[in-house]
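The block underneath contains the structure these notes are about, expressed in structure tokens.
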Amino acid sequence: MSRILRIAAAQLGPIQRNDDRASVVTRLMALMDEAKANDVDLVVYPELALTTFFPRWFVDDISEADHWYEREMPSSVVAPLFDKARSYGIGFCLGYAELTPEGERFNTQILVERNGTVVGKYRKVHIPGHEHHEPDRPFQHAERYYFTPSTEGFPVWSAFEGRVGMMICNDRRWPESYRVMGLQGVEVILCGYNTPLHYVPDPTQDPLQGFHNGLVMQSGAYQNGTFVVGVAKGGVEEGVDSLADSMIVAPSGEILAKAKTSADELVWADCNLDWCYQYKDTLFDFNRYRRPELYGRISGQRGVDPADRGPFNKL
Ligand code: CDT
């Protein structure tokens, strides 16, 4: 059985505040058409792919933000994307803001198989930014106000003839995200992101943002013997410049495909899932070499224990 999947990163350029869902879905469908023309099996869209990155504004009453969230998926506006993908026999991964019937708010990604079945839903675990209005900031990054951190962890699903996991944006900076999926045999990790270039204290942008983006995804891929597909919403959105650099990373850590622009752009690569075993069965043979009995601190504590602070430690 062939386990060579053609996977595409469907990068989006900016979505402005007044762009309605229908216009965004039209853009997503244009990328899906391009995927069809190039025999793609799986299309990966960014984090919060249906709207502007609304956590950059604060509202006093969170219900004023309800219109940014999806109460059902697919909604009537998004249904044409599901229909088109199913008719093409292409699977996809889509990020959006989710408002549950119980009133919980999550930063969510779903995985849809080529027959239109929703295989899995992932809710963001590592929520960055701040909970309260910080008026001195040029832009808010109030994800911690708008989203509840998931308690569901990092599941991995059997789909697309492989083992597929998901994570969202800030999750990609934490090695634990990859390893928890690595320990479930993950072969492809799908990750949408919105990475503003302004958030470091120095208002001149951090020149290392692109470097760090590659660093974390390439090392996460290599150390777990998995493909990683990172997909940006890039470009200048409501005055905020965001990293593009969508990429498909191999289990070797090599970049197989990378976006050249910060606009809507499809890049793809043929991902032979059996390549993962060149790493999973040798250097990173977990069963043979890992020493979990020595790693208890990783799940046993959050930060540095005060008793372990040395005389110069500033934590
Ligand atoms: N969306 C997201 O998670 N962005 C973060 C930057 C947050 S800065 C407060 C990231 O890690 O790219």
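Start at 1 and go down the list; that is how both ligands and their atoms are numbered.
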What atoms in ligand 1 come closer than 4.0 Å to a heavy atom of [X]?
X	answer
C169	1 (N), 2 (C), 3 (O), 4 (N), 5 (C), 10 (C), 12 (O)
K124	1 (N), 2 (C), 3 (O)
T195	10 (C), 12 (O)
R172	12 (O)
R173	10 (C), 11 (O), 12 (O)
N194	1 (N), 2 (C), 4 (N)
E47	1 (N)

Q. Are any of the side-chain nitrogens in K233 or E238 under 4.0 Å away from the carboxylate oxygens of its partner?
A.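 No, no charged N to carboxylate O under 4.0 Å.
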Q) Salt-bridged, K36 to D33, with N to O below 4.0 Å? A) no
Q. Is the closest side-chain donor-acceptor distance between D20 and S23 under 3.5 Å?
A. yes
Q. Pick one: which of K124, R56, H126 meets side chain to side chain donor-acceptor pair (under 3.5 Å) with E143?
A.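 When side chain to side chain donor-acceptor pair (under 3.5 Å) is applied between E143 and each of K124, R56, H126, only K124 qualifies.
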Q: Look at the rings of F58 and Y145 and say which category their plane angle falls in: under 30° parallel, 30 to 60° tilted, over 60° perpendicular.
A: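 Geometry flag for Y145 against F58: parallel rings.
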